[in-house]
2 protein chains.
Amino acid sequence: MPGALGARAEGLAADLSAVSSLTLNRISIYLRCLRILSERGVRRISSQELAQRFHLSATQIRKDLACFGEFGIRGVGYDVPTLEQRLSELLGLDREHPLVIVGMGNLGCAFARHLEFNRRCFRVVGGVDVDPQTIGKRVGGLVVRPTRDLRRLVRETGAEIALLTVPPEAARQSYDALIEAGVRAILNFSPIRLPQQPGVKLKNVELRSQLEELAFFLRD
Amino acid sequence: MPGALGARAEGLAADLSAVSSLTLNRISIYLRCLRILSERGVRRISSQELAQRFHLSATQIRKDLACFGEFGIRGVGYDVPTLEQRLSELLGLDREHPLVIVGMGNLGCAFARHLEFNRRCFRVVGGVDVDPQTIGKRVGGLVVRPTRDLRRLVRETGAEIALLTVPPEAARQSYDALIEAGVRAILNFSPIRLPQQPGVKLKNVELRSQLEELAFFLRD
DNA sequence: CCATGTGAACAAATTCACAGCA
DNA sequence: TGCTGTGAATTTGTTCACATGG
């Protein structure tokens, strides 16, 4: 192991800001698999067996984990609860993240109810919309507020993450409002290309593209 | 240009099955940008300008397009309506794709209504659920049918694509049922790892992973 | 001329192969 | 012995730089 400054006993291999998006998404998947194993009472697992059970790649699991440190026991494998715990901490999932939803249409409401029901690390603390018909509606455990209250809502709740689920024509305006309100990470479900803002993490979920890729596969 | 067999005047550069998922998803994005330009009456655009307007990379646009053929006029740029048309055909978006939704909970209903409203190339022809409370409910223009009717539904409607939006514990069973019913492409929104089935395209949309990547970015 | 299209250079990600340690 | 962790090899993806041709 290189003598990286600040590396602990089960040392951190490299600086965390260099970890790729692909690796992070897979780590999140490994964590889900570990939770399932944990619930089933499995205490130890090798990368090989983890890969076989969940259709993953054993080498890739080990390489991905190597970005964060050393977690296994050579010749044995990984301790399931320990690895689950360590990965949760590394992803910042040991605390709850307050989250606001901008656009309480079909998709926004679905996420509000879904995350309400399945709350793990993320808590929906507010939802806003421009439509007077929608404002005031109860969805899950919250009441929809007007978009002009966004800044106040973010201040009050300390929300750092936002879901952007507005129609295309409102996307740019809502995005600017979110930046202005001071959120630090945005998951954009609208089909609009938004400019990166320094200090604010923007991720796009291109649902339409996913469907269109399937359509491409089906072309005869 | 290499003398590829079957290459037309604006020739196909290579075989389409080798095009990567990354390229396909970007082509889908370019297509959306072209539609916007088209609506605004823009008739010609260069890769440079397209990139600037929509926060893309000009070189990458040209490289991506090169997978499918030659579409531009050197020294000039691309004809917007023509390119839009050609890309639509290439992705198989010139015909409508019937689509079934398995799991009419929050997410399933949201997609049913969303695609109903915003129907372009994809038509929701049916939704199924196991919950007796949900069966029979009207969502958008359709009535939720029991999951045991899935096979018949797929046969009747010719659905080739399915959205899998069931809770985790039902995912594997529903997946097997979809394979059995004969759909050819599945977009899986459940957080369960499913095995690839030869001849059936499976894409996973990991919503949880996207959120967790944002959480990672926010770790202090 | 000027923007496309493309080989060549570069970078990133994945897989291989095996050293090293429990 | 057996599995982890990791350099080295390979594959895949992106960017550069420029020849090509309308």
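Only this structure's heavy atoms are used, side chains among them; waters, hydrogens and symmetry mates stay out. Convention: sequence-line order gives letters A, B, ...; per-chain numbering from 1.
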Hey, which sits more toward the 5' end of DNA chain C by its nearest nucleotide, B:Ile73 or A:Gly75?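 Mapping each residue to its closest nucleotide by heavy atoms, the 5'-most match is B:Ile73.
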Hey, which of these two, B:Lys63 or B:Ser47, hits DNA chain C nearer its 5' end, going by closest nucleotide?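 Comparing both residues, the 5'-ward one is B:Ser47.
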Would you kindly give the [atom1]-to-[atom2] distance between [X] and [N], to the nearest whole Å?
X       : N      : atom1 : atom2 : result
A:Leu50 : D:dG5  : CG    : P     : 13 Å
A:Asp79 : C:dA22 : CG    : C1'   : 15 Å
B:Glu49 : C:dC2  : CD    : C1'   : 14 Å
B:Phe71 : C:dT4  : CZ    : C1'   : 13 Å
A:Glu70 : D:dC3  : CD    : P     : 18 Å
A:Leu83 : D:dC3  : CG    : P     : 17 Å
A:Phe68 : D:dT6  : CZ    : C1'   : 17 Å
B:Ile61 : C:dT4  : CD1   : P     : 9 Å

Nearest-neighbour nucleotide for the A:Arg74 side chain, C:dA22, D:dT14, C:dT4 considered: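 Of the candidates, C:dA22 comes closest.
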Would you indicate which nucleotide in D:dT15, D:dC3, C:dT15 comes nearest to any side-chain atom of B:Gln60?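 Given the options D:dT15, D:dC3, C:dT15, the side chain of B:Gln60 is closest to D:dT15.
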Give me the ring orientation class for B:Phe111 and B:Phe189: parallel if the planes are under 30° apart, tilted from 30 to 60°, perpendicular past 60°.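 Ring orientation of B:Phe111 relative to B:Phe189: tilted.
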Look at the side-chain N and O atoms of [X] and state whether any lies under 4.0 Å from the OP1 or OP2 oxygen of [N].
X       : N      : value
B:Arg62 : C:dT4  : yes
B:Tyr78 : D:dG22 : no
B:Arg44 : C:dC2  : no
A:Thr59 : C:dC16 : no

If you measure from CD1 on B:Ile73 to OG1 on B:Thr82, what distance do you get to the nearest 0.5 Å?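 Result: 8.0 Å between the selected atoms.
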Would you say A:Leu115 and A:Leu163 make side-chain contact, with heavy atoms under 4.5 Å?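 In contact.
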Heavy atoms under 4.0 Å, any strand shown: does B:Thr23 hit a base, just sugar-phosphate, or nothing?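 Since no nucleic acid heavy atom lies under 4.0 Å of B:Thr23, the category is nothing.
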May I ask you to decide whether A:Arg193 forms a salt bridge with A:Glu206, counting only side-chain N to carboxylate O separations under 4.0 Å?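 Judged by the 4.0 Å cut-off on N to carboxylate O distance, A:Arg193 and A:Glu206 do form a salt bridge.
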Using the ring of B:Phe216 (Phe, Tyr or Trp, six-membered ring only), decide whether B:Arg219 places NZ or CZ under 6.0 Å from its centre and within 45 degrees of its axis.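 Judged by the rule (NZ or CZ under 6.0 Å from the ring centre, within 45° of its axis), B:Arg219 counts as positioned above B:Phe216.
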